[in-house]
Amino acid sequence: MQYASPPGRSADDRPLVDLTFTPFHNRSTRTGAGLIANRTGQCFGHCTGRIRDDKGREIAVDRLLGWAEDVHMRW
């Protein structure tokens, strides 16, 4: 897959999404039982910053609840 501009940026190189994520809780689990394995990392927090729509209007974001996760499972 090719992008006309990098993901999260517009063709004029101004960011479409400019958010700072501030975590307040990190959850990690790991299970290993032979052929079955699970590794999960979840981080919960708030996002603050700006999002620009396709017409160039900026939308302020203040402490929007969100999360990020990294999961690996083998069954």
Side-chain angles (χ1 to χ4, degrees):
M1 178 181 288
Q2 296 214 353
Y3 295 95
S5 58
R9 295 207 172 260
S10 62
D12 63 3
D13 203 35
R14 291 185 301 169
L16 297 174
V17 178
D18 183 13
L19 297 174
T20 299
F21 181 75
T22 305
F24 61 78
H25 180 71
N26 188 20
R27 177 180 177 268
S28 296
T29 60
R30 185 178 291 260
T31 304
L35 294 175
I36 299 172
N38 174 33
R39 178 185 43 81
T40 303
Q42 297 173 312
C43 193
F44 300 87
H46 294 104
C47 294
T48 300
R50 299 189 181 281
I51 298 172
R52 190 163 49 93
D53 68 13
D54 55 354
K55 293 185 179 180
R57 296 176 295 211
E58 287 193 353
I59 302 162
V61 175
D62 186 28
R63 295 184 47 82
L64 177 68
L65 183 62
W67 72 93
E69 63 183 5
D70 178 39
V71 177
H72 172 78
M73 294 185 183
R74 182 177 65 214
W75 305 100

Partners passing side chain to side chain contact (heavy atoms under 4.5 Å, CB included) against Ser28 (at least two apart in sequence or in another chain): Asn26
Sequence-distant partners of Phe21, side chain to side chain contact (heavy atoms under 4.5 Å, CB included), two or more places apart: Pro23, Cys43, Cys47
Nearest-0.5 Å distance, [atom1] of residue [X] to [atom2] of residue [Y]:
X     : Y     : atom1 : atom2 : result
Thr31 : Ile36 : OG1   : CD1   : 10.0 Å
Arg52 : Ile59 : CZ    : CD1   : 11.0 Å
Thr20 : Arg50 : OG1   : CZ    : 11.5 Å
Asn38 : Thr29 : CG    : OG1   : 5.0 Å

Within-4.5 Å side-chain heavy-atom neighbours: Ile51 and Glu58: no
Residues Thr48, Thr22; criterion side-chain contact (heavy atoms from CB on, under 4.5 Å); working and verdict: CA-CA 8 Å; Thr48 300; Thr22 305; 5.8 Å; no
Pairs of donor and acceptor atoms involving the side chains of residues 66-75, under 3.5 Å and at least two apart or interchain, shall be tabulated with distances.
unit_1: Glu69; atom_1: OE1; unit_2: Gln42; atom_2: NE2; d: 3.1
unit_1: Asp70; atom_1: OD2; unit_2: Arg39; atom_2: NH1; d: 2.9
unit_1: Arg74; atom_1: NE; unit_2: Leu35; atom_2: O; d: 3.3
unit_1: Arg74; atom_1: NH2; unit_2: Gly34; atom_2: O; d: 3.3

